[in-house]
Chemist: 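First the structure, which I've put down as structure tokens, then a few questions once you've had a look.
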Amino acid sequence: MSSIFGDEKRIVKFLPDASALGYCELLQDNLEVLNRRFSIVLLVHLLVFKKFLETAHAESVIDNENLRRLWLLAQVWRPCLGCGREDDIHRRLLKWLESEPLSGINTELTKVIKDINLLLPDSIRKEGLFVAIDEANVAARPFWRDAAEKHPPIRSIIRVWRDRLASLDCHVTFVVAGIEISLEAFPSSSPEWSSWKWTSDT
């Protein structure tokens with residue numbers, strides 16, 4: 001989280017009581033920062049995914065099994081993405097986009113998703129994509145102190161990514177993995193989270 005928010009000056013770390021003057025405005029400002037930051041993170045991942053699909057098409061790798069295997073390999077072995085062993089393309093893109101306004105990020109997200117839709121093989125359109133959020137327990141901890149209500153970043157991540165990825169021409173399944181993630185932030189009684197399935201193997 002520090003690599004994403006380390007230079008962010010707008011986050012208010014300690015919010016006043018919910019009844020205090022200005023509380024709602026401060027909370028909204030914080031949530032807007034999360035929206036922008038996680039939109040940038042999504043854009044970075046989609047730009048890399050688009051480049052991967054373009055390379056796969058150029059190399060005539062179009063079957064689902066090989067695509068999924070190569071995409072997994074590309075995420076753990078950077079040379080597969082045309083990078084050096086010590087080069088992190090994701091961090092470079094994050095640095096490049098860090099000062100971009102949300103309006104510009106949203107424009108680029110719309111464009112890259114449109115491009116990806118043109119590149120998706122029929123097999124993926126049929127079977128869908130999985131979005132894995134690993135070590136989600138880190139993002140499950142509130143980023144600021146708020147006595148009235150908790151707003152863990154993981155909830156903002158899911159909301160931002162779910163809403164943007166709804167434009168993809170395939171079904172998207174989220175896999176959120178981590179330890180000690182409180183279900184209080186994702187109440188099954190809420191229509192927003194009632195369709196989610198939670199499991200524990202520990």
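Every heavy atom of this structure was used, including side-chain atoms; hydrogens, water molecules and symmetry mates were not. Fair warning: this is a prediction, and the values are worked out from it, not measured in the lab.
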Chemist: How close do A136 and V176 get, counting heavy atoms only, and between which atoms?
Modeler: CB-CG1, 3.4 Å

Chemist: If you round to the nearest 0.5 Å, how far is CD of E127 from OG1 of T173?
Modeler: 11.5 Å

Chemist: Report yes if the side chains of L93 and L43 come closer than 4.5 Å at any heavy-atom pair, otherwise no.
Modeler: no

Chemist: Run the side-chain hydrogen bond (donor to acceptor under 3.5 Å, both in side chains) check on N35 and R159 step by step: do they pass?
Modeler: CA-CA 9 Å; N35 186 347; R159 282 172 172 163; over 6 Å; no

Chemist: Go through the structure and list residues passing side-chain hydrogen bond (donor to acceptor under 3.5 Å, both in side chains) with D29, not counting sequence neighbours.
Modeler: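 Counting only residues at least two positions away or on another chain, D29 forms no side-chain hydrogen bond (donor to acceptor under 3.5 Å, both in side chains).
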
Chemist: Are W198 and F186 near enough that their ring centres are under 6.0 Å apart?
Modeler: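 Yes.
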
Chemist: Ignoring hydrogens and angles, tell me if any N or O in the side chain of R36 forms a donor-acceptor pair with the backbone of S103 under 3.5 Å.
Modeler: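 Answer holds: no.
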
Chemist: Before giving the answer on side chain to side chain contact (heavy atoms under 4.5 Å, CB included), spell out for I105 and L42 the whole-Å C-alpha distance, their side-chain angles and the decisive distance to 0.1 Å.
Modeler: CA-CA 10 Å; I105 296 300; L42 176 61; over 6 Å; no

Chemist: Please round to the nearest 0.5 Å and tell me the distance separating atom CZ of R164 and atom OG1 of T110.
Modeler: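 One gets 4.5 Å once the value is rounded to the nearest 0.5 Å.
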
Chemist: Taking the six-membered ring for Trp, are H45 and W161 parallel (under 30°), tilted (30 to 60°) or perpendicular (over 60°)?
Modeler: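 Taking W161 first and then H45, their aromatic rings stand perpendicular (interplane angle over 60°).
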
Chemist: Kindly give the heavy-atom pair with the smallest separation between S188 and S194, and that separation in Å.
Modeler: O-CB, 3.3 Å

Chemist: Which value, rounded to the nearest 0.5 Å, describes the distance between C170 atom SG and I116 atom CD1?
Modeler: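 Here the rounded value is 9.5 Å.
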
Chemist: Strictly below 4.0 Å, N to O, side chains only: are E192 and R155 in salt-bridge contact?
Modeler: no

Chemist: Any chance you could measure L109, atom CG, to S167, atom OG, to the nearest 0.5 Å?
Modeler: 9.5 Å

Chemist: Take atom CH2 in W96; do more than 12 heavy atoms of anything else shown fall under 6.0 Å from it?
Modeler: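 Atom CH2 in W96 is not packed in, count stays at 12 or less.
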
Chemist: Counting C-beta onward and ignoring hydrogens, is there a side-chain heavy-atom pair between L129 and W71 closer than 4.5 Å?
Modeler: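 Contact flag for L129/W71 side chains = no.
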
Chemist: State the NZ-CG distance between K114 and D169, to the nearest 0.5 angstrom.
Modeler: 11.5 Å

Chemist: Kindly determine whether L102 and S39 satisfy side chain to side chain contact (heavy atoms under 4.5 Å, CB included), including the steps that lead there.
Modeler: CA-CA 8 Å; L102 181 58; S39 294; 4.1 Å; yes

Chemist: Provide the closest heavy-atom pair for P187 versus W193 in the form atom of the first, atom of the second, distance.
Modeler: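 For P187 and W193, the tightest heavy-atom pair comes out as O-CB, 3.6 Å.
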
Chemist: Start with the C-alpha gap between I113 and K50, add the side-chain angles, then the distance that decides, and say whether side chain to side chain contact (heavy atoms under 4.5 Å, CB included) holds.
Modeler: CA-CA 8 Å; I113 289 176; K50 174 191 168 185; over 6 Å; no

Chemist: If I take atom CG from residue L70 and atom OG1 from residue T55, how far apart are they, to the nearest 0.5 angstrom?
Modeler: 10.5 Å

Chemist: Could you tell me whether the side chain of V131 reaches within less than 4.5 Å of the side chain of V175, counting heavy atoms only?
Modeler: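 No - every pair of side-chain heavy atoms lies 4.5 Å or more apart.
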
Chemist: Hydrophobic cluster membership, with links at side-chain heavy-atom distances under 4.5 Å among I/L/V/M/F/W/Y: are I154 and F130 in one?
Modeler: no

Chemist: When you compare the side chain of L46 with that of L165, does any pair of heavy atoms fall below 4.5 Å?
Modeler: yes

Chemist: Under the criterion side chain to side chain contact (heavy atoms under 4.5 Å, CB included), I'd like the reasoning laid out for E98 against I40: C-alpha separation, chi angles, the key distance, then a yes or no.
Modeler: CA-CA 8 Å; E98 65 180 356; I40 291 176; 5.5 Å; no

